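Counting starts at 1 for both ligands and their atoms, in listed order. Predicted, not measured: the structure shown is a model, and the values here were computed from it.
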Amino acid sequence: MAYQITPQLRDKINHFCRFPQTGVSLRQMVMFGQNPSQGTLLRATQFLADELPIRIAHRIKELENLPHNLGEMPSIIKVKNWYAQSFEDLINFPKAELPSSIRDKFTSGSIIQKLPDNVPHPANNPGRSGMLKPSIPIGRRYYTKVDDIEWPPEVHYYNEKFTKLIEDIKKRHNPVVSTVAQGILEYNRHKTKTVIETDIQAFLDRFYMSRIGIRILIGQHVALNKLPSRPDYVGIICTKTNIAQAVQEAADNAKFICEEHYGLFRAPEIQLHCSNDLLFTYVPTHLSHMLFELLKNSLRAVVEKFGEADEYPPIKVIVAEGREDITIKISDEGGGIPRSNIPLVWTYMYTTAPAQDLDPEFNQTDFRAPMAGLGYGLPISRLYARYFGGDLKLISMEGYGTDVYLHLNRISNSDEPLQ
Ligand SMILES: Nc1ncnc2c1ncn2[C@@H]1O[C@H](COP(=O)(O)OP(=O)(O)OP(=O)(O)O)[C@@H](O)[C@H]1O
C-alpha cells in the first residue's frame, strides 16, 4: 500500500516547521570535526537529530504547497513520501540514555546558549580566555567539543545506530533529483510551453539547495563516524584540496566521456594554467562535480561546432588566486550561446541535447547524465558553488565561444543559504 501521512505525523510535521533551519558553514564543520571524541560525535548526533527533521519538515510543507498543480504529479508525491518516511524515522529515533556519571560530563560546559550580539563570547575574549573550551557557534547555540575521556560503549553504539539511520535516509533519497525531474516532465505534458515558470524554477533552486545541505550534513557525519581518519581530511572536507589536480582529473573524465560519446580518437585539448601547489579547504566531490559538468559543456560545444576534426581549438582553464575567492575560468571556442538564450541556460530542463529517458528507479549516488541531456548541469553546479558562498557566471560571445567563471569562496565561513 502506498505510504500515507497519518494525522499524528502531520501534527509533528507542522510542529517542526515552526522552527527555523540552522545553517552550518564549512569552517564550523572543519572546527567541529577535527579528531572528534565519541562525546563530540554524540553532540553532533544530537544536533542532527534536532536539525534534520526541521529541514525535512520544511521540504514536506513546500512539496505540498507547490504552485500550479505540480504537487499532484505522481513523481512529486513519491518524493514527498520519501521525505515523510525519513522524517518519521528521525523523530522515532530514541533519545540517548547515558549513565548519570557520563551525563554530567557531557552536559557540563557544553551547549551554551548564545550570548547577546553586543557581548563577546567568553571563548573569543582574550581577557577571559581559558575559562571555557573553544566553542563553535552554530545557529543560536555554541557547540563545544567534548573531551576525549573514556566513553562507555553505549555512546559508541548510539552514535553507530544513528549513523546507520541517516545513511539509510541518504540512500532512500538518492533518486530524488531524477524523480523530481520526472515530476516536471509529467507536469509539462499538460502544458503547451515547456519553459519552466519562474515560481517553479525558484522552488527547484530552493529544494535542490536544501538537498545539498542535508546530504552534506549526513555525508560529513557518516564520514566522521565511519571512515578512518585521513591526512588533510575532516570527514568529507579536504583542508588541502589541490585545484590543479581536481581540474586535471575532471578534464580526463570529461574527455573520456566525450571520446566515447562522439566516437573520437582524441577529444579537444584542455589546457590548464594553475599553480600546482594551490591548496584550499573544500569538499572535493563538489568541486569535481562542477568542473566535470562545465568541461563537458565546453567539450560538447567545441566538438559540435567543428565536427569530427584532427585538431580543435583548445579549452583553456585559468585559475586565479585572490584573497577572497579562487576563480576558475573555463574558456572555449565552441560558438557561444545566443544572447536571448542566456537566461534559459540557468533553468532546469533547458538543454539543446536530444531528449533523454529518465530512470528514477536507477539507484545512483548523485544524478549525472552521460554527455548532456537534462539541462541540469549548469543550474545544479551553480547551487553547489553558492552553497559554500561562491558563484557561477557565464559570458558568451555568440559565433565565437563561452567563458564560465567558477568563484569559490576561500574564507569558507559563510552560512549555508537556507530558505
Ligand atoms: N560552453 C558552452 N557552450 C555552448 N553552449 C553551452 C555551453 N554550456 C552550456 N551550454 C548550453 O546550455 C545548455 C544547458 O547546459 P546544462 O549544462 O545545464 O545542461 P546539458 O549539458 O544540456 O545537460 P546535463 O543535464 O547533462 O548537464 C546546453 O544544452 C547548451 O545548449
Quick note on ligand 1: atoms under 4.0 Å from a heavy atom of Gly377 include exactly 16 (P), 17 (O), 18 (O), 19 (O), 24 (P), 25 (O), 27 (O)
So salt bridge (charged side-chain N to carboxylate O under 4.0 Å, His left out) across residues 82-96, not counting sequence neighbours, yields Asp89-Arg172
Taking only non-hydrogen atoms of Arg300 and a 4.0 Å limit, the atoms of ligand 1 in range are 22 (O), 28 (C), 29 (O), 30 (C)
For Glu293, the ligand 1 atoms with a heavy-atom partner under 4.0 Å come out as 27 (O)
If you compare Leu344, Leu378, Ile315 by their heavy atoms, the one closest to atom 16 (P) of ligand 1 turns out to be Leu378
message: Salt bridge or not between Lys170 and Asp168? Use side-chain N to carboxylate O under 4.0 Å.
response: no
Note: Leu374, heavy atoms under 4.0 Å from ligand 1, region reported as both
>> Does the residue Pro379 have a heavy-atom contact with ligand 1, meaning some pair of atoms that are separated by less than 4.0 Å?
In response: yes
With a cutoff of 4.0 Å, is Gly375 in contact with ligand 1, counting heavy atoms of the residue only?
yes
Between Thr402 and Gly336 the two heavy atoms that sit nearest each other are OG1-CA, 3.3 Å
One finds that the ligand 1 atoms under 4.0 Å from a non-hydrogen atom of Thr351 are 20 (P), 22 (O), 29 (O)
* **Carboxylate-amine/guanidinium contact Glu62 Arg59, below 4.0 Å** => yes
Min over Ile337, Asp332, Asn297, Leu294 of heavy-atom distance to atom 6 (C) of ligand 1 lands on Ile337
| request: Considering only NZ, NE, NH1 and NH2 on the basic side and carboxylate oxygens on the acidic side, decide whether Lys61 and Glu64 come within less than 4.0 Å. | output: no
Q) Under 30°, 30 to 60°, or over 60°: which ring-plane class applies to Phe162 and Phe93, parallel, tilted or perpendicular? A) perpendicular
Give a yes/no verdict on a cation-pi contact between Arg206 and Phe203, requiring under 6.0 Å between NZ or CZ and the six-membered ring centre and an angle within 45° of the axis. no
